[in-house]
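Computed from a predicted structure; not experimentally measured.
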Amino acid sequence: MIQASEEKAIELSQDPRIKSIVPDSVSESLGAVTAPDQGGIITQDFAPWGLDRIDERAFQLDGKFKYYSAGAGARIYVLDTGIRRTHEQFRLPGNLGSRAFAGKDIPTDGYIDVDINGHGTAIASVAAGNILGVAKDARVYSVRIADARLFPQPQAYRSDMIAGFNWVIQNGIRPAVINFSYSIADPNNQATDLDQVVNSAINNGFTVVVSAGNAGLNASNYTPQRLSRIICVGASNASDQRLIDGNIISNTGTSLDLFAPGKDINVASAAADTGAIGYDIYRGTSIASPFVTGVAAVFLARMIPALPVFVETTLIRNATPNRLNAATLGAGSPNRLLYSRFRSVASVNAASYGNKIAPNSIVALFGEDLGATVAVRVNNTLATILGVSPTQINFVVPSTNIGQAVVDIYASDGAFGSGVVEVATVAPGLFSTSGDGQGLASAILLRIRQDGSQSYESVAVFDSALNRYVAVPIDFGPSTDQLFLILYGTGIRGTRVASAPPTGVGCTVGGLNVSVLYANLAPGYQGLDQVNVALPRSLAGRGQLDVIVTVDGQLSNAVAVTTR
């Protein structure tokens, strides 16, 4: 673009090197995005119908697209015909660059970093366009696998498909989703090399979303659609029916995971950055899959490091069931429609705020608009809820497998939230008076005197003037007094702590190893653990001291007590 007077423009138009000069223009807005409301929901007005449909359970197109977040930090790799990266759908605010990036041109057909077909640009705009897309803040990368010599249809050689996946495996940055809107008819299972590279991408942490295909046939006869670990997407229309539109008919069968809008979808065109020719209308499963890709990117951005299996599981479980016209779906197809609004939640050890939790421990879950929560599940097992507020839920972890786990929340209004957390055999955490795992220990002191009498003493008290807890220094008293510190935490009990004294459990106070007399559950409180340690008199007069518990080699957070 140049800025020039009318006279200068006429002068330049006479230059034989210049084909034409036309005035610049500003495109009409396809939608307006408002600031988040008090529940953290962002609303896009005048949204295209596809976005409008996926943010509601019931069929009630209201012209709005509501979402909690937009995928900032996630990456989308579009294996397709390329992307017009300069399109306004990918521009950063203030025209300060683009969210679309050049990845790799696989075919040796002479074209570099262009989209001469438009298919890839369309898909990228639905996955991540500023107005047309789901993940409006995600980065999108072009990995061109389609060979221009096969145009006008967007087609690719299998070897180029494989090379595209390998490039992402070697160069892609996670968290990321791969969108692949291609298929190979392979009823005799001969294209196993493509299967292998797709599974390799998943093994390397990339979520893979593929279109089901548009032949009206069983998707299980195609690769990679037949693979169980990808997310296979069928197309629906604005009447909540399977897409059947002339010769474009969504494939069916048990290989499908869910459906998404795929009829009359507004997309960005590769013909121009703005204006009428900068937009187009698409139909088919190719344009349904990027809706799912965008939702997966939003989930990943908030749930790092969610494995592909948990992304797939979450999107399937969060989909709206039994909303599509069953008579149109075809044999074996799932009656599940993509639903984009899930509350993203983060779970931590309630004592240490560490990112590992343990079975039977107390967990603090944080998120938006949580007040109506009625159930929490860990790996689909119901958990015991201890308390609920608009921004936090405390619950006890049920027995579950060690490793990465999905935490789901369910609300009375039908809303759904999901997150990912690491479950370990033990995850020791000590409670502090501040409630965030730092500062003064949430503990009490037991004093046993020579005559056998006992008393419990505070090691911290609340100072209303300072509006916080302050330390009560421990006075060791007469040499005949025995002092024991009773610490409270969670994630400490394990298979070996029930013995007396417990094995595999240690504690340091001010760097000094002290004797652990008890380490197990605190009687009468679900999920709460108790550690009793003897305080040697050598700690007297040392001031503020860090207290750390070790269980099977795993360190807790450090909390503090003070001695005098």
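We find that D529 and R493 are joined by a salt bridge, their nearest charged nitrogen and carboxylate oxygen being less than 4.0 Å apart. A salt bridge does not link D240 with R323: none of the charged nitrogens is closer than 4.0 Å to a carboxylate oxygen.
Taking the six-membered ring for Trp and the full ring otherwise, Y488 and Y525 have centroids separated by 6.0 Å or more.
Side chains of P224 and V208 form no contact here, defined as non-hydrogen atoms less than 4.5 Å apart. At a threshold of 4.5 Å between non-hydrogen side-chain atoms, the residues Y68 and I41 count as touching. Looking only at side-chain heavy atoms (C-beta outward), Y141 and V168 stay at 4.5 Å or farther from each other. Residues V472 and E457 have side chains not in contact (no heavy-atom distance under 4.5 Å, counting atoms from C-beta outward). Within the 4.5 Å cutoff, side-chain heavy atoms of I492 are placed close to those of L430. Looking at P334 and L258, their side chains never come closer than 4.5 Å, going by heavy atoms from C-beta outward.
Stacking of R57 on the aromatic ring of Y339 is recorded, both the 6.0 Å distance cut-off and the 45° axial limit being met.
For the atom pair OG1 (T293) and CD1 (I178), the distance works out to 10.0 Å, reported to the nearest 0.5 Å. The OG1 atom of T373 sits 11.0 Å away from atom CZ of F395, with the distance rounded to the nearest 0.5 Å. A distance of 11.0 Å separates CZ in F59 from CG in L324, rounded to the nearest 0.5 Å.
A donor-acceptor contact shorter than 3.5 Å links the side chain of R174 to the backbone of N204. Under a 3.5 Å cut-off, the side chain of S453 and the backbone N or O of R449 do not form any donor-acceptor pair. Side-chain N or O atoms of Q392 include none that pairs as donor or acceptor with a backbone N or O of L365 at under 3.5 Å. Looking only at distances, no side-chain donor or acceptor of S556 sits under 3.5 Å from a matching main-chain atom of P428.
Enclosure of atom CZ in F462 by more than 12 non-hydrogen atoms of other residues, nucleotides or ligands within 6.0 angstrom is indicated.
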Determine whether V198 and F165 satisfy the following criterion, side-chain contact (heavy atoms from CB on, under 4.5 Å), listing intermediate values before the conclusion.
CA-CA 7 Å; V198 173; F165 275 100; 3.8 Å; yes
Checking V233 against F291 for the side-chain contact (heavy atoms from CB on, under 4.5 Å) test, could you report, in this order, the C-alpha distance in whole Å, the side-chain angles of both residues, the deciding distance, and whether it holds?
CA-CA 9 Å; V233 185; F291 282 104; over 6 Å; no
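Across all non-hydrogen atoms, the minimal contact from I316 to D257 is CD1-OD1, 3.4 Å.
Under 3.5 Å, the side chains of Q44 and K136 contain a donor-acceptor pair of N or O atoms.
The one candidate from V406, I357, N379 that meets the side chain to side chain contact (heavy atoms under 4.5 Å, CB included) condition with T400 is N379.
Note on residues 465-476: pairs passing salt bridge (charged side-chain N to carboxylate O under 4.0 Å, His left out), not counting sequence neighbours, are D475-R564.
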